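Everything numeric here is computed off the predicted structure, so don't read it as measured data. Computation of the quantities below employed the complete heavy-atom set of this structure, encompassing side-chain atoms and omitting hydrogens, waters and symmetry-equivalent molecules. Order of the sequence lines fixes the chain letters, A, B, ..., with proteins taken first and strands second; residue numbering starts at 1 for each chain.
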Amino acid sequence: MTHSDAPHLVLVDGSGFIFRAFHALPPMTSPDGVPVNAVYGFTNMLARMLREHVGTHLAVIFDAGRHTFRSDIYPQYKAHRPEPPEDLRPQFSLIRDATRAFNVASVELAGWEADDLIASYARAVRKVGGTCTIVSSDKDLMQLIGPGVCMLDPMKQTPISLPEVEKKFGVLPEKVVDVQALMGDPTDNVPGVPGIGPKTASALINEFGTLEAVLAAAPDMKKSKRRDMLIEHADAARISRQLVELACDVPLPVPIADLAVREMDKLTLADWLESMGFRSVLTRLGVGHPSGAHAHRAARAAAHASISGAVAEAPTTTPDQDDLTKATLAAPYGAYETVRTAQDLQKWVSAAQEASVCAVDTETDGLDPLSANMVGLSLATAPGKACYVPLRHEGTLEEPAGEQLSVQAALDIIRPLLTDDTTLKVFQNAKFDLLVFDHAGLDYTTITAVDDTMLMSYAQSAGLHGQGMDELSTRHLGHTPISYDTVTGTGRNRIPFAQVPVKRATDYAAEDADVTLRLWHVLRPTLRTNKALALYEQIERPLSPVLAGMEKAGIAVDRAELGHLSKDFETRMAVMEKEIHAAAGRDFNVASPRQLGEILFDEMGLPGGKRGKAGAWGTDSSVLQDLADQGHELPEKVLAWRQLAKLKSTYTDALLRQTTTEDRVHTSFQMAITTTGRLSSNDPNLQNIPIRTEEGSRIRQTFIAPKGKKLISADYSQIELRLLAAVANIPALREAFELKQDIHARTASEVFGVPLEGMDSLTRRRAKAINFGIIYGISAFGLARQLGIPAGEARSYIDAYFARYPEIRDYMERMREEARAQGYVLTPFGRRCYVPGIQEKSAVRRQYAERQAINAPLQGGAADIIKRAMVRLPHALAEGGFSARMLLQVHDELLFEADEAEAEAVAQLVKTVMESAADLSVPLVVETGIGNNWAEAH
DNA sequence: ATGTAAAACCAG
DNA sequence: ACGCTGGTTTTACATA
């Protein structure tokens, strides 16, 4: 290097690199057992920098000590950074050794961060007409980028320049500090301005130019919250700017001239690399023994194999496995065929019909079957014999997807199989695939002879284990299939299924069909032995297409009204928030229970605080209500704020997001989740739409009947209490239901010995609470809390109740014993509800299980009954000549949409069908309502 | 950055 | 120790 050449200085951010390499690389140790993964990454990077030329001058910059001028300005700066992990600590000094071994200059200076030194060197080298490359991916260094100064990502070896900075901060490098000053940085404790994130910060800087200009313009801003925050936290923003702005006039501990790239001593380096066990680096630098690298790699591979080759847990087998089951378990997995032509697919369809049973599975580009596209389908005709038909794979330049049938062509070939009622089609969660076929253009109602392994399993093992295919396979087949995640990746690495290479997709998808068919072979005989066949064949299986129809239909919502509600809630929340902050004496995040607890109990010193498990103050609504009742203003306002926040985020905003262009929302009903046989609803959950408060009811009003139609609601009256009266055989309760009496009033009359006539509402309310308490497996403590009375008083109520209805105590004891003896209890329709905790040693957990055992037959029996009605209703409506559609189920309620003209008749028919869905020793009663919206109909 | 737990609260 | 069954949102924290 001659001095007349302009210097090019390469500055490696050593401290920043250590942390990144440590987290990015898998753990590894040197021959003497010290963790060295970050050192290894650093060594590789440094070798690469030296090999691929770069500059005339080179230095690695390190932090020195924790104390810098920033902690003088702002003591919290980086204050609660945790100590570096134990495996990283020994690597700091090793990295300094590495720079020495490479004969590279390293620079550090007490009182200054590496970033400040880098900034100062960059400025110095520019001053003498040179250029500079900063090797780092630290966002805090991006402010230095400009003419003659560029950045390089040390891991990816890609340049970081204006587009990357723009992407990160939304502004040019010289404005980065202003943006950072506004948005702050939680990892370094840089405060910024609350409520201003990256988007707002860059928007403000782009509009006003500088931080000071933004602060000056703040008083005239329209958005009140932002204006107030900017004014109040102006100084915090100024301090933040000082914290993030790098010092570029630090005295340089080593003159630039002394940083000139130096020859390294190969022997010193080789010795050091050897001592660290970095043979691959040695080899690459051409100073080592190639065989060493191979030995190293082979050893690592062997270690890996011994882990991944671990034997899977033995499968759960039944003692009466027949030969077929054994064959099912024995056939090898894998070696599946990819089907690309009509002739080949036709062969598989014929083989399926020949076998008269097959498994079918679809692959899609999404989880919502109403909008997902079919990417491929698979077919299994015998254990171990399965194929995958790619339909919409995209492929890449290096790896084209190859010839594929069109969706249309494939459907035309497979339609005769799906509609053939002499060949059984087995699915895992048929409802999903039925709707996928439907969306692809094959009417799901024409698909016949369907079995569903998920429901076969659920009908006999609810509550015992999950019903996902992977879990069922591991359990019953002793084989864990390839997981979806390993095929598509996870997080930011996830790719759409259509981009999975066809070979890999075949391995995965055909295996799913294979596993489904094998599961069917294993589960089918168990249905009979477990007495779950009728439940499966008469309830669960036929319900699946009914629910598919309901999901496909969706329910109409009033978009405009939802929008109004959202806006209304928003403005009212903003007002409340100001009042809350004023009452608290400072700003805080009202949505944070933790911050609220600190305010109420630490700062304001209000009484009645209770800490939860994690030591945080409890601030749930009962705590806040108690404080509000004592006349405190803040908790009352928070309660009101929370109600609106909940309604807005969970309902108005979420529903608006999930409403289709046809102004309808389509939920998804899960059939195999609950431990009792109930359905659940998600995406969105339409089984918990508010109703109990005035504001909540406004949300229910946005579920509407389209023009010319009506909504009809039909719900079972007191169904769980009726089941209790029936299964526990309680004469007094049975008679009350027979006589159509007010059941809670009758209970009150009998338990408290007051006349039915002229009963006061408090007494009735208490009886009602006990009645519900019984269904849930009452405890004196729980009832006391519910009614706000002493536990002793609650105890005496319960005793009086049991004395009057001794059969209930018998029933409860029967259920506890049944659960203890068998591990499950039965609903009146034979559904098994497993109660896993019943044998627990811990009394708390055991009693919890006992309450489940008491509740499950009632909740589950009610679920069975409404499911039976749901299976019959579509036929009954069609037979009656009605065009009405069933839309929703909410545990004891069904919601229908019908032409205005037929609404009354439909309501009558629905009532009849629902009331005759079961024959108990007490009558079932269904109440119906008709309206233009759900609130009105209910 | 991504995933998960805890707290809170909506329904039957 | 918070009588049962669920789902969703948000914050806070751990993971890499």
Side-chain angles (χ1 to χ4, degrees), chain A residues 19-27 37 82 85 186-187 462-463 490-494 589-597 610 612-624 638-639 642-643 645-651 653-654 658 667-670 673-693 695-696 699-700 715-716 719-720 769-770 772-786 791 794 798 812 833 835 842-845 847-860 862-863 866 889-893:
Chain A
F19 285 94
R20 268 167 218 282
F22 177 74
H23 289 302
L25 298 172
N37 64 335
T187 57
T490 56
R492 60 185 155 74
N493 298 321
R494 174 157 251 151
N589 181 355
V590 184
S592 164
R594 194 200 261 234
Q595 293 179 29
L596 178 64
K610 274 175 289 185
K613 281 178 214 149
W617 292 110
T619 67
D620 68 17
S621 59
S622 72
V623 171
L624 298 187
V638 173
L639 277 172
R642 276 192 186 165
Q643 189 200 4
K646 176 76 178 177
L647 294 179
K648 178 167 150 60
S649 68
T650 312
Y651 298 104
D653 293 356
Q658 308 207 47
T667 186
S668 174
F669 289 107
Q670 305 304 311
I673 295 291
T674 69
T675 52
T676 58
R678 272 191 179 184
L679 300 177
S680 74
S681 156
N682 63 11
D683 296 313
N685 181 356
L686 295 187
Q687 289 183 321
N688 71 345
I689 299 303
I691 188 170
R692 293 176 190 178
T693 65
E695 299 293 357
I699 289 173
R700 204 166 268 232
D715 68 284
Y716 283 106
I719 188 167
E720 291 183 12
I770 306 179
F772 276 106
I774 292 292
I775 290 171
Y776 296 145
I778 202 161
S779 76
F781 178 87
L783 183 66
R785 208 171 58 102
Q786 173 74 28
I798 294 170
M812 293 170 100
C833 305
V835 189
S842 141
V844 177
R845 279 187 270 193
Q847 284 164 9
Y848 172 53
E850 288 174 357
R851 292 193 296 271
Q852 291 178 306
I854 291 160
N855 172 261
L858 308 176
Q859 192 183 112
I866 197 169
Q889 188 250 42
V890 192
H891 309 308
D892 64 357
E893 175 189 8

Please check if the number of heavy atoms outside A:R494 that lie under 6.0 Å from its CZ is greater than 12.
yes
For A:R692, which contact category applies under a 4.0 Å heavy-atom criterion: base, sugar-phosphate, or nothing?
base
Which whole-number value in Å describes the distance from A:D620 CG to C:dC2 C1'?
10 Å
May I ask you to say what A:Q852 touches in the nucleic acid, namely base, sugar-phosphate or nothing, with a heavy-atom cut-off under 4.0 Å?
sugar-phosphate
Heavy atoms only, 4.0 Å cut-off, all strands: where does A:G773 land among base, sugar-phosphate and nothing?
base
Does A:R678 have a side-chain nitrogen or oxygen under 4.0 Å from the phosphate oxygens OP1 or OP2 of C:dT5?
no
Which part of the nucleic acid, if any, lies within contact of A:L686, taking any heavy atom under 4.0 Å across all strands shown: a base, the sugar-phosphate backbone alone, or nothing?
nothing
Which two nucleotides bound the region of DNA chain B that has atoms under 4.0 Å from heavy atoms of chain A, read 5' to 3'?
B:dA1 to B:dG12
For a quick check of understanding: with a heavy-atom distance under 4.0 Å over all strands, which category does A:F772 fall into, base, sugar-phosphate or nothing?
nothing
Could I get the full list of side chain to side chain contact (heavy atoms under 4.5 Å, CB included) partners for A:F22, not counting sequence neighbours?
A:N37, A:A38, A:P85, A:D87, A:L88, A:Q91
For C:dC2 and A:Y776 - does any side-chain N or O of the residue sit under 4.0 Å from the phosphate oxygens OP1/OP2?
no
P atoms of B:dA7 and C:dC2, separation to the nearest Å:
14 Å
What is the per-nucleotide protein-contact pattern of nucleotides 7-16 of chain C, from the 5' end, where B denotes a base atom under 4.0 Å from a protein heavy atom, S denotes such proximity for sugar-phosphate atoms only, and - denotes neither?
BBSSSSS--B
Residue pair A:Q852 / A:T675, side-chain donor-acceptor N/O under 3.5 Å:
no
For A:I689, report the nucleic acid contact type (base, sugar-phosphate, nothing); a contact means any heavy atom under 4.0 Å.
sugar-phosphate
Value in whole Å for how far the P atom of C:dG6 lies from CG of A:D892
16 Å
